[in-house]
There are 2 protein chains.
Amino acid sequence: MRNGTKIAKEPRPRGRPRGFITSEVLERVRDVFLAKGFAAASLDELCAAAGLNRPSLYAAFGDKEQLYISMLRHIGQGSVEAMDAILSGPDPIERRLGRLYKGAIDIYTRPPNPPGCIIVGTATVEATSHPAIGAAANQILASFEKAFERGFIASHLQPAPSPAERASMAAAILTATGIRARLGVPAADLRAFTKSMIPVICR
Amino acid sequence: MRNGTKIAKEPRPRGRPRGFITSEVLERVRDVFLAKGFAAASLDELCAAAGLNRPSLYAAFGDKEQLYISMLRHIGQGSVEAMDAILSGPDPIERRLGRLYKGAIDIYTRPPNPPGCIIVGTATVEATSHPAIGAAANQILASFEKAFERGFIASHLQPAPSPAERASMAAAILTATGIRARLGVPAADLRAFTKSMIPVICR
DNA sequence: ATATTTTTGTACCACATCGCATATAAATGC
DNA sequence: GCATTTATATGCGATGTGGTACAAAAATAT
């Protein structure tokens with residue numbers, strides 16, 4: 001790793017160091033956004049949850065829209081990594097899908113968090129008024145679909161439907177599950193739903 | 001229809017008659033709610049769109065939440081009727097489903113309205129803060145699923161998956177389509193998606 | 001030690017919001 | 001005619017909103 005005088009330990013930046021960690025702040029404001037949605041989440045609540053004052057939040061993330069998008073991207077990135085980890089396993093695709101859906105339903109319904117998927121559950125409504133939010137959410141959903149597609153490509157299924165079509169369907173099931181969870185459908189019903197869809201997707 | 005002295009023409013109620021028609025008001029506020037969502041829609045905008053003053057709106061519908069729920073129920077009822085009309089046709093279920101999805105995508109993407117389904121697109125985010133909204137949306141989605149189920153029962157498909165399972169899947173596809181439409185997916189892509197799903201649902 | 005740079009904390013502003021109080025208008029019952 | 005009932009119109013006040021100015025604090029560079 002030696003390149004000239006650069007040392008691994010990068011030097012501290014110039015001024016006063018930050019009193020927070022970016023990923024932690026993003027995960028805390030996520031709870032507020034998940035509970036209230038983007039529009040109804042006030043800066044007071046966001047600052048309180050983040051443990052930051054308003055100027056600090058603004059200096060670090062920009063306005064509310066940019067903060068929200070940063071949070072979305074952070075969650076989306078972690079989700080894709082988790083999906084890849086599950087979908088790249090050695091067992092049959094049906095089992096991998098089952099584990100993925102089960103994990104998602106856990107996240108969507110586990111107290112004390114408000115139920116539902118934050119992406120399709122809170123970003124969707126803002127897409128019209130805040131196109132950047134819609135675009136970010138769309139990118140994330142597309143990356144989910146890509147993750148599914150990688151999983152199907154790595155499996156040995158009949159050529160039709162294509163991996164892309166199966167991925168599109170699997171992503172649609174995940175989307176609908178996230179919506180239904182937020183609307184109050186019990187976790188057991190969601191599990192039964194996804195379980196019944198897996199053989200249809202993998203036929 | 002003759003029962004005693006009751007005449008078909010019911011007598012006008014006592015005071016000053018209303019200067020508006022309920023269904024028209026609900027359809028006008030729908031445009032605002034669809035564009036901004038529930039939380040971001042202000043009473044000023046709603047009143048302007050409805051052509052009513054604030055006290056009139058409150059007297060007729062109650063507060064913003066009740067107005068929104070009335071609007072949702074109105075739209076949901078009309079949607080179920082439209083679904084039944086399409087799904088009860090004489091041609092094969094594949095064609096009926098195709099017409100239904102095509103009609104839905106038209107509604108979801110036709111200018112000048114903002115894109116997406118108002119139910120899954122705007123009610124979902126409020127379900128946590130406004131349980132009554134979540135419950136109403138859930139009821140409507142359940143009635144959609146029932147409509148699908150009636151369509152599948154009236155068709156002659158293999159017993160597995162059951163009509164209820166097929167209906168659940170068809171409804172999930174419709175939900176995901178409404179979400180994707182709002183996030184900006186072009187109508188052509190949505191049509192290709194639903195078209196590819198129909199044979200999977202009806203196999 | 002002093003200067004520089006970045007973060008933090010307090011206070012603030014202009015503005016929009018919801019819900020209501022009050023007054024007027026338009027219909028019916030007697 | 002007059003009283004009653006309901007709907008409409010105007011306007012207001014208390015509260016909360018997103019965003020920012022300014023000074024103090026905490027680190028590094030020289």
Side-chain angles (χ1 to χ4, degrees), chain A residues 5-7 9-26 28-29 32-33 35-71 122-123 125-126 129-133, chain B residues 5-7 9-26 28-29 32-33 35-71 122 125-126 129-130 132-133:
Chain A
T5 60
K6 268 290 180 58
I7 317 183
K9 176 184 179 182
E10 51 189 278
R12 280 261 199 94
R14 201 55 175 3
R16 174 173 176 172
R18 285 184 167 169
F20 61 91
I21 301 171
T22 300
S23 61
E24 277 186 8
V25 169
L26 292 178
R28 287 184 184 167
V29 298
V32 177
F33 281 129
K36 306 254 180 163
F38 170 79
S42 75
L43 285 184
D44 281 345
E45 293 170 306
L46 292 168
C47 290
L52 266 72
N53 294 317
R54 221 175 289 201
S56 299
L57 211 99
Y58 266 72
F61 299 98
D63 63 4
K64 193 166 93 164
E65 177 179 309
Q66 292 174 293
L67 169 65
Y68 177 83
I69 292 176
S70 298
M71 179 276 297
T122 72
V125 69
E126 312 296 339
S129 307
H130 299 83
I133 292 180
Chain B
T5 59
K6 268 290 181 58
I7 317 183
K9 177 187 179 182
E10 51 190 278
R12 281 259 199 96
R14 200 57 172 9
R16 174 175 175 172
R18 286 183 167 170
F20 62 92
I21 301 170
T22 300
S23 61
E24 277 186 6
V25 168
L26 292 178
R28 287 183 185 168
V29 299
V32 178
F33 281 129
K36 307 254 181 162
F38 170 79
S42 76
L43 286 183
D44 281 345
E45 292 169 308
L46 292 168
C47 289
L52 265 72
N53 295 315
R54 219 171 296 194
S56 299
L57 211 100
Y58 266 72
F61 299 97
D63 62 4
K64 195 166 90 162
E65 175 178 312
Q66 293 174 293
L67 169 65
Y68 178 82
I69 291 176
S70 297
M71 179 276 297
T122 72
V125 69
E126 313 296 339
S129 306
H130 300 84
I133 292 179

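So you know, we letter chains A, B, ... as the sequences are listed, proteins then strands, and number each from 1.
- Put simply, CZ on B/F20 is 11 Å from P on D/dA9, counting in whole angstrom units.
- Between B/N53 atom CG and C/dA25 atom C1' there is a gap of 13 Å when expressed in whole angstrom units.
- A close approach under 4.0 Å does not occur between any side-chain nitrogen or oxygen of B/S56 and OP1 or OP2 of D/dA7.
- Using a 4.0 Å cut-off, some side-chain N or O of B/K64 falls inside it from OP1 or OP2 of C/dC18.
- One interatomic measurement links the two molecules: CG of B/D44 to C1' of D/dT10, which rounds to 13 Å at whole-angstrom precision.
- Counting non-hydrogen atoms under 4.0 angstrom, A/A39 reaches nothing in the nucleic acid.
- Residues B/L26 and B/S70 meet the side-chain proximity criterion, which asks for heavy atoms closer than 4.5 Å.
- Checking C/dT8, D/dG19, D/dT8 against the side-chain heavy atoms of A/D63 singles out D/dG19 as nearest.
- Atom-to-atom, OH of B/Y58 to P of D/dA9 comes out at 17 Å; the value is rounded to the nearest Å.
- A donor-acceptor contact shorter than 3.5 Å is absent between the side chain of A/E126 and the backbone of A/A123.
- Closest to the A/L43 side chain, of the nucleotides D/dT8, D/dG19, C/dT17, is D/dG19.
- The aromatic ring centres of B/Y68 and B/H130 sit 6.0 Å or more apart.
- Distance, A/Y68 OH to D/dG18 P: 15 Å, rounded to whole Å.
- Annotation: side chain of A/R18 is in contact with side chain of A/T22 (closest heavy-atom distance under 4.5 Å).
- As rounded to whole Å, 9 Å separates atom P of D/dG19 from atom CD of A/E65.
- Within the 4.5 Å cutoff, side-chain heavy atoms of B/V25 are placed close to those of B/F61.
- Considering only side-chain atoms of A/P55, the nucleotide from D/dT10, D/dA21, D/dA27 that sits closest is D/dA21.
- The residue among A/E45 and B/R54 whose nearest nucleotide of DNA chain D is located toward the 5' end is B/R54.
- Separating the CG atom of B/L57 from the P atom of C/dC20 is a distance of 13 Å, rounded to the nearest angstrom.
- We find that CG of B/L67 is positioned 14 Å from C1' of C/dC18, with the value rounded to whole Å.
- Using a 4.0 Å heavy-atom cutoff across all strands shown, B/A40 reaches no nucleic acid atom at all.
- When heavy atoms are screened at a 4.0 angstrom cut-off, B/S42 is found touching the sugar-phosphate backbone but no base atom.
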